[in-house]
Student: 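My structure is below; once you've seen it, I'll send some questions.
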There are 2 protein chains.
Amino acid sequence: MLTSPMTDLRSNTVSLATPSPSGTSWQRQAKLWSSLKEVCDLLRISARIVNDDFQFQHMQFKAGQRIHTIGQPFDMLYIVNSGFLKTVMIDELGNEQVLGFPMKGDMFGIDGIHRKQYSTETVALTNCDVILVPFKTFSTLGRTHAELEAAIYGVMSRELVREQAMVGTLGSLSAEARVARFLVFLSERFAEMGYSGSQFNLRMTRQEIGNYLGLTLETVSRTFSAFNAIGMISVDQRAIMIHDLQSLRTLRRLPPSRLRNKTEAAKKRAAGQQMAVA
Amino acid sequence: MLTSPMTDLRSNTVSLATPSPSGTSWQRQAKLWSSLKEVCDLLRISARIVNDDFQFQHMQFKAGQRIHTIGQPFDMLYIVNSGFLKTVMIDELGNEQVLGFPMKGDMFGIDGIHRKQYSTETVALTNCDVILVPFKTFSTLGRTHAELEAAIYGVMSRELVREQAMVGTLGSLSAEARVARFLVFLSERFAEMGYSGSQFNLRMTRQEIGNYLGLTLETVSRTFSAFNAIGMISVDQRAIMIHDLQSLRTLRRLPPSRLRNKTEAAKKRAAGQQMAVA
DNA sequence: CGTTAGCTTGAATACCTTCAAAGTAGGTGG
DNA sequence: CCACCTACTTTGAAGGTATTCAAGCTAACG
């Protein structure tokens, strides 16, 4: 019961992750240009574009490739068309700090505007299709398309709010609550993208999740196991199945493990959730 | 002249029209309007403004007053001309999360663009003089002043980078390192403003600092005391004197207190432990 | 089929928080 | 002017949460 859907998901990842030397079909089939209108749709912007003649170039990246690096001169913004990435900062001691996991519809590279060079780097976690948006072109278009200009400001503001919410999370929540929210966040994003919000594969390592959430990889792993044990989710390596999204949403702190392991209530609840899903 | 535009803007600013009988001098002397050029200087923007005729209104707030509140319809950006404030988010349980301490030259309210209403609120910690920047006016001016437009994007990007740095801090640094960096940050800002960077008064409580840094007020207090004990700084309530800025900059972790306080005892105890183990 | 990167789990410990109590400063009213 | 009140700060002691270190395990890749 648990196995089949998960292997389905995994096979999905595998096919993406291993394009054989000959099997470059994903690249050949890839779309190479998008109109301004398509870009706006991707960004969930409601701009009525009249002069829809401008075309933005796409670029394909394989897992592990860098889209931009720290210190590189800024001239582009990027929009994810497909695939998963991570954006990281590197501190003075060379330690990575994961800042986010851009996915379909997200814009990244905004941090580069300020100093005219990127202060972060973004790496593809899977094969990706990314739209290149020359910043100068974009802002010029904004001057003649009022709605687009508003949208640019809106996207930048949205990123700021997202970052602020992250500060709130890191500053005040327990490890369990952070991991729970991370799962909710992923679930919602997958659902928005038209995939299942209740079962999906993580594209990032425990290390990356932990770093993002201000935790160690061991704590992330243990927390997944704990959620699994009480029936909130099922975990098998990267494969996640969410059984009780609402509990994840509102979770603040798990009851101590000594109370968790052998209580009738917990078992009942877990059983009930299984039933509800099935 | 003063009353009508302010009552137009915000109901909670009505109180400004009725200042207390005794302490009005700072208000009477306050500057009421700034040109676009002056605004750009304040933001540290190098825009060559030709048509320098537009005027932005100032507004004075007393300590404790709110400049904007959560959920309030967005139409203004704000720039601090003088004074100190705090920006806070409030989570679903009503807990405050301090996001920043805007001071001279900082812009706030940017978070409101995204959803057309503010997602944060900003409160004056001291009496303040704030410049009101109607967002629509600002972006319109940007269309004709290329450098101003670039500057607007730049300021928004700067805020994003600042928030990202904060995530990095919360995610990876010890309590001591966070407090140390906070002091360095304040020192640098005071120096930029033309005040002493080595001797200043905190404008915020331990509670607010702790909340901002993801720590409890007790931890902040203890950390100040520890820095004081080793001579890095002097603390007396809100008064701070920084003796060793460089150490604060690079501090990662303090040596354990038992090694700090009484070296002889520590050596003995360490020796004892060695013996016990051997 | 071995190697490697990633994941899980256990045990010990460090760090920070929580709870508590006492001290300090500033403002207000008697 | 002093006493009181409140908000803020300091410090101690106990306890819990997350980290660190370590070992074994899984899965993917050549």
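In the text below, chain A, chain B and the rest are named by the order of the sequence lines, each starting its count at 1. As the structure is a computational prediction, the values presented were derived from the model and not from experiment.
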Student: Any chance the rings of A:Tyr212 and A:Phe182 have centres within less than 6.0 Å?
Tutor: yes
Student: Calculate the interatomic distance between B:Leu173 atom CG and C:dC16 atom P; express it in whole Å.
Tutor: 11 Å
Student: Which residues pass the ring pair (Phe, Tyr, Trp, His ring centres under 6.0 Å) test with B:Phe224, not counting sequence neighbours?
Tutor: none
Student: I'd like to compare against my own output: the B/S/- annotation of nucleotides 7-14 of chain D with a strict under-4.0 Å heavy-atom distance to protein.
Tutor: -SSBBBB-
Student: Any side-chain heavy atom of B:Phe61 within less than 4.5 Å of one from B:Ile67?
Tutor: yes
Student: Given side chains that start at C-beta, do those of B:Arg238 and B:Thr205 come closer than 4.5 Å, heavy atoms only?
Tutor: yes
Student: Please examine the side chains of B:Val235 and B:Ile240, heavy atoms only from C-beta on, and report whether any two atoms are closer than 4.5 Å.
Tutor: yes
Student: Is there a donor-acceptor pair under 3.5 Å between the side chain of B:Glu188 and the backbone N or O of B:Phe185?
Tutor: no
Student: Rounded off to whole Å, could you give me the CG-to-P distance for the A:Leu202 and D:dA28 pair?
Tutor: 14 Å
Student: Counting only N and O atoms by type, is there a donor-acceptor contact under 3.5 Å from the side chain of B:Ser172 to the main-chain atoms of B:Gly168?
Tutor: yes
Student: Rounded to whole Å, how long is the line connecting atom CG of B:Leu170 with atom P of D:dA18?
Tutor: 15 Å
Student: Quick one: is A:Thr216 getting a side-chain N or O under 4.0 Å of the D:dT19 phosphate, OP1 or OP2?
Tutor: yes
Student: Ring centres under 6.0 Å, that's the criterion: do A:Phe190 and A:Phe84 meet it?
Tutor: yes
Student: Can a donor-acceptor pair be found, under 3.5 Å and without considering hydrogens, that links the side chain of A:Ser187 to the backbone of A:Gly197?
Tutor: yes
Student: Rounding to an integer number of Å, can you tell me how far B:Leu213 CG sits from C:dC16 P?
Tutor: 12 Å
Student: Within this structure, what is the CD1-to-C1' distance between A:Ile209 and C:dT8, rounded to whole angstrom?
Tutor: 14 Å
Student: How close or far is atom C1' of D:dA27 from atom CG of A:Asn201, stated in whole angstroms?
Tutor: 13 Å
Student: When we call it a touch if two heavy atoms are under 4.0 Å apart, what does B:Gly214 touch: a base, just sugar-phosphate, or nothing?
Tutor: sugar-phosphate
Student: Looking at residues 86-100 of chain A, who's got a heavy atom less than 4.0 Å off DNA chain C?
Tutor: none
